[in-house]
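Written out below as structure tokens is the structure these notes cover.
Every value quoted in this text rests on a predicted model; they were computed, and no experiment measured them.
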Amino acid sequence: MTRADTLAERRAYLEGGLAEVRCGRCGAAVRARKLSPGQTSVQWSTQAERACAVLAAAAAAGGVTALVPTCPDLRDSIDRAAAEGRLGAA
């Protein structure tokens, strides 16, 4: 295996199957994928983190946003996108 193969595999693992999903409440755009009914991967941008009221409230309270388990509104938007076929398994 070459270095290029390794980098391509890493990129496919980290980015494969991701699709943009916008939160129905605040409009924050994240990249997400559903690997199974019980497993969802979400990549947040700094802009999306700032737009999300749930994460913004955690940050304002001095919390670490990475420790916020989820935003219920975004979870609903991701579930809706998956049900509509806009998110497929990788």
Tell me whether the count of non-hydrogen atoms from other residues, nucleotides or ligands lying under 6.0 Å of CD in Q47 goes above 12. no
Ignoring hydrogens, what is the shortest heavy-atom contact between R25 and D73? Give both atom names and the distance. CD-OD2, 2.9 Å
With sequence neighbours left out, the residues meeting salt bridge (charged side-chain N to carboxylate O under 4.0 Å, His left out) with D79 are none
E20 CD to S45 OG distance, which is reported to the nearest 0.5 Å: 9.0 Å
Note: T70 and V54 closest approach over all heavy atoms is O-CG1, 4.0 Å
In Å, rounded to the nearest 0.5 Å, how long is the span from CZ of R75 to CZ of R80? 13.5 Å
For the backbone of G27 and the side chain of R22, can you confirm whether one donor and one acceptor N or O come within less than 3.5 Å of each other? yes
Non-hydrogen atoms of L18 and R33 that approach each other most closely: CD2-N, 3.9 Å
Do I78 and D76 have side-chain heavy atoms sitting under 4.5 Å apart? no
What's the separation between atom NZ in K34 and atom CG in L87, rounded to the nearest 0.5 Å? 8.5 Å
Kindly compute the distance separating CG (L35) from OG (S41), expressed to the nearest 0.5 Å. 4.5 Å
Using modelled atom types and a 3.5 Å cut-off, is there a donor and acceptor pairing between side-chain atoms of S77 and backbone atoms of G24? yes
Looking only at heavy atoms, the pair that brings C26 and C52 closest together is SG-CA, 3.8 Å
